[in-house]
Structures are given as structure tokens and as C-alpha cells.
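Note sheet for the following structure.
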Amino acid sequence: MSDKLAIDGGIPTRNAPFPAWPIYDEREERNLLEVLRSGQWGIGGSKVAQFEQRFAEFQGARFGVCVPNGTLALQMTLNALGIGPGDEVITTPYTFIATASATIQQGAVPVFVDIDLDTYDIDPARIEAAITPRTKAIVPVHLAGRPADMDAIMDIARRHNLRVLEDACQAWGAEWRGRKVGAIGDLGTFSFQSSKNISAGEGGIVVTNDEALGEMCWSLHNVGRVRQGAWYQHEIIGGNLRMSEWQAAVLLAQLERLPEHTARRDANARYLSETLSEVAGIAPLPFDERITQHAHHLFICRYEPAAFGGRSRDEFVAALRAEGIETASVGYTLPLNQNNAIRRSAAALTRLGGREWPLADDGLPALAACPNAEWATQHTVWLFQNTLLGDSADMDSIVAAVGKIQRGWGERTKDQ
Ligand SMILES: Cc1ncc(COP(=O)(O)O)c(C=O)c1O
């Protein structure tokens, strides 16, 4: 193999793609045909109810309510918890925007607490300092499929009388000390969007062990109806957030495949972690024995430019992709505390009675600084979940590509 880097015109480390995503077989086809032929494509069908029951059971929860996507699941659950104007919700800045924008859409203010760089999840040690009399809930995200520290978070919530909504949109089947995530807190949300480990293109579900919250979510997602009520009886203001039978048909089949896929991702993630850990400057996030099941939506590494000739993370990911590791990504490029849409909303919410923020030079609120999340957006490399569905030779090719880039660029200390 030529040592000239592929990005400079050399031969790539690998030519074959990683396993394609999504994966489906005759089970999805059979379920979809059943829906087609039943003529019950929405209300009146049985697939959504079946999936709600199976997925809730899979997550160790008593109740499940399917919705069109994870974003709406978050907004609806915040609504169910009574979060509204004047309230504050503590969450992480290193996540997809929906985690925070759902709070804003409820008229409440997201308050960002920095992450722990060993987990990339909210750092529980920093939460209490962010609690004010307006705080109503904590929304931890089980980022990448790695459960946040639910012992610490539940303890803080109990002591301060706060609700906990788990954003488990990347964490199907993940487990914290033997308990599946989603229903450890008051409510949990999951996404089945295209990139997710179980997908129907779009889709979402809410789970809970709290019957009253389960009923409230059912009503909110079904235009305020009540289960035993008349068709045109609407007791609260809700939306039409019902999932279609097509989505549930696909998800029922996808769920059957998930345990085997998770086991394969787990074995590959452990192998890749071990082998990559020997390369200077690239550090997979450490495993934690309290995480009894990681869902491995993303494989996350911290990147140190000094070990790669001072080249930036963006240059590294471009070189890695050129070597044939096309599932590599820079991930989130801006922490949400620096997102201008969120900062503008924070200003608008102040005018509506939300908290006053100091202003930055650009005239927008300077939301609480989150240096770890800011560092992470510049020094992180993601590999998407389908990378981990390959075999050990696929994992070796990643290590080979990283090593080749390191040799090509040479090691250099930070001050050179
Ligand atoms: C952490 C997190 N929260 C929320 C969402 C929103 O889910 P959806 O794309 O299904 O609306 C996603 C997924 O994109 C996510 O990764």
C-alpha cells in the first residue's frame, strides 16, 4: 500500500463501503403489505398499538405513545410535564438542536450546563449551580447511545423537586446499571429518523412508567381526545401527532433485528476502542461499568491535533474520509449555547418574562459559557453506527487509516 495519503492523490486504505443503512428484509415487506391490504393505514390499524406495547416493554416501561418524530416527542412531553412560559429547563449544549428548541417552542428557556469530556453527556456536578426558582425540569441526553449518569441526575431532581425528561433519541435499548433508559426519569423520548439504529425514515415514541403522564401524552398526541371518550370529545388542546401504520409496520420488523445489531456494534466498539487507544492523539471515550448496555449510535473519539502534525480536526476527518472511512464525521460544529437562533429566542423570552441575560458584543444574550462543549465541537470525531456493523477487518482498516494519516503528517508538539 502506498503511504501517500489518499487526500493527496494516494491510494485509499479501503475501497469497500461500510454496511449500508437502513437494513431490511422480507419482514418489513410482509408487514407493509399487511398494512396495505388491510386498508387500515392510520386510525383503526393494529401495528402502532402493537409497536407501542413491544417497544415500551423492550425499554422496561409500562406505557408507550408513538408520535411522528423525536422532535415532536420532546415538545409533547415537555407540554405533558406542564413546562411553559417563565419556566427554565436544564439541558446539555452538545446535542441535536431539537433537545433545546422543544423547550423554546413551549415558551420556556433552555439553560445549558456543560458536558463532562469523559462522557460527552451533561456533567451532573455542574447542574445544581444552574438551578433557579424558575427551574422545572432536567433534560439529560443519552448522547451517542451512552446513558448519562442517571443516579446523580435523579438524586438532584428529587432534592430540588424537578421533573426529568430523558432525551433517549439516540439510545434504544441502552441500560444504566441494569435499567433501560427512558423510564428512569418521568418520561423518555426516542427517535426513529433515517440515521437511527432502528428506523422508519421518520418516527418517534414516548415512554413512561407514570400512568397519568402516559394518559396525558396519549391525549396530547390525539387532539385532546380521551381514551374512552366520544370521537368529537376534546378535553384538552392537543395536536395530531399520531404515527401512521406504515411507520409502525417497518419499526416492528426493525425492533426484531435490534438486539443482534446492538451486540455486533458493542463487540466492534470494544475491539475498535482497544486498538485505537494505542494510537497517540485519538482517544475513544472510555467505557464505564455502570453502563450495562451502550446503544452505540455513534462511536466518539477525542482528537488531539498535536499528535497529527498540528492539523485540525476538520482536516483529519477529510483525510479519513478520503482513505475510505466514509462514515467519519466532525459531528456537531457549534454548541447550542452559541447557536444564534437559540440566543435570539432567549432574548425574545426575556421580553416575555424569562430571565435576563448579560449581552455579548453582538447584542445577543451571552448564555452560560460551556468550555468543554465548545472544545468538543472542535476536537471530536464521530463514526456513524453502521460502521460498527462491519467485521474486525473493517475495524482494522480504520486503525490502519488513522495510522497512515499520522505517519503522513508526522507528530508535532503543540508549540512547533
Ligand atoms: C439527541 C436527539 N434529540 C432529538 C432528536 C430529534 O429526533 P427527530 O429527528 O426524530 O425529530 C434527535 C435526532 O435527530 C437526536 O439525536
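Every number for a ligand or one of its atoms is a count from 1 in the order of the listing. Keep in mind that the numbers below use all heavy atoms, side chains included, and drop hydrogens, waters and symmetry copies. Since the structure is predicted, the reported quantities are computational estimates derived from the model, not experimental observations.
The single protein non-hydrogen atom nearest to atom 12 (C) of ligand 1 is F96 CD2, 3.6 Å, given as residue, atom name and distance.
Within the structure, the ring pair (Phe, Tyr, Trp, His ring centres under 6.0 Å) test picks out the following pairs touching residues 319-364 (sequence neighbours left out): Y94-Y332, Y332-W382.
Of all atoms in ligand 1, listed by their number and element, those nearer than 4.0 Å to a heavy atom of V141 are 1 (C). Near S191, with a cut-off below 4.0 Å to any heavy atom, the atoms of ligand 1 are 7 (O), 8 (P), 9 (O), 10 (O). Counting atoms of ligand 1 from 1 in the listed order, those under 4.0 Å from a heavy atom of D167 are 1 (C), 2 (C), 3 (N), 4 (C). Distances below 4.0 Å separate heavy atoms of C169 from the following atoms of ligand 1: 2 (C), 3 (N), 4 (C), 5 (C), 12 (C), 15 (C). Within the listing of ligand 1, atoms 6 (C), 7 (O), 8 (P), 10 (O), 11 (O) sit less than 4.0 angstrom from a heavy atom of G70.
The shortest separation from a heavy atom of L74 to ligand 1 is under 4.0 Å, placing the residue in contact.
Between Y332 and ligand 1, a contact under 3.5 Å exists for no N or O pair. Looking at Q170 next to ligand 1, an N or O pair under 3.5 Å apart turns up. Considering backbone and side-chain atoms together, T95 places no N or O closer than 3.5 Å to any N or O of ligand 1.
In this structure, E175 CD and M150 CE are separated by 13.5 Å, a value rounded to the nearest 0.5 Å. I205 contributes atom CD1, which lies 13.0 Å from atom CG of N69 (distance to the nearest 0.5 angstrom).
Proximity of the aromatic rings of F55 and F190 is defined here by a centroid distance below 6.0 angstrom, and this criterion is met.
Geometrically, R265 does not engage W172 in a cation-pi contact defined by less than 6.0 Å to the ring centre and at most 45° from the axis. By the 6.0 Å and 45° rule, R225 stacks over the aromatic ring of W231.
In this structure, D288 does not pair ionically with R177, as no charged nitrogen and carboxylate oxygen lie closer than 4.0 Å. Salt-bridge annotation for D25 and R257: present, with a side-chain N of the basic residue lying under 4.0 Å from a carboxylate O of the acidic one.
Across E245, E34, E28, a single residue satisfies salt bridge (Lys or Arg N to Asp or Glu O under 4.0 Å) together with K47, and that is E34.
Within the 4.0 Å heavy-atom criterion, both parts of N69, backbone and side chain, lie near ligand 1. Under 4.0 angstrom from ligand 1, the non-hydrogen atoms of T71 come from both its backbone and its side chain.
Ranked by closest heavy atom to atom 13 (C) of ligand 1, the top entry among K196, Q193, H142 is K196.
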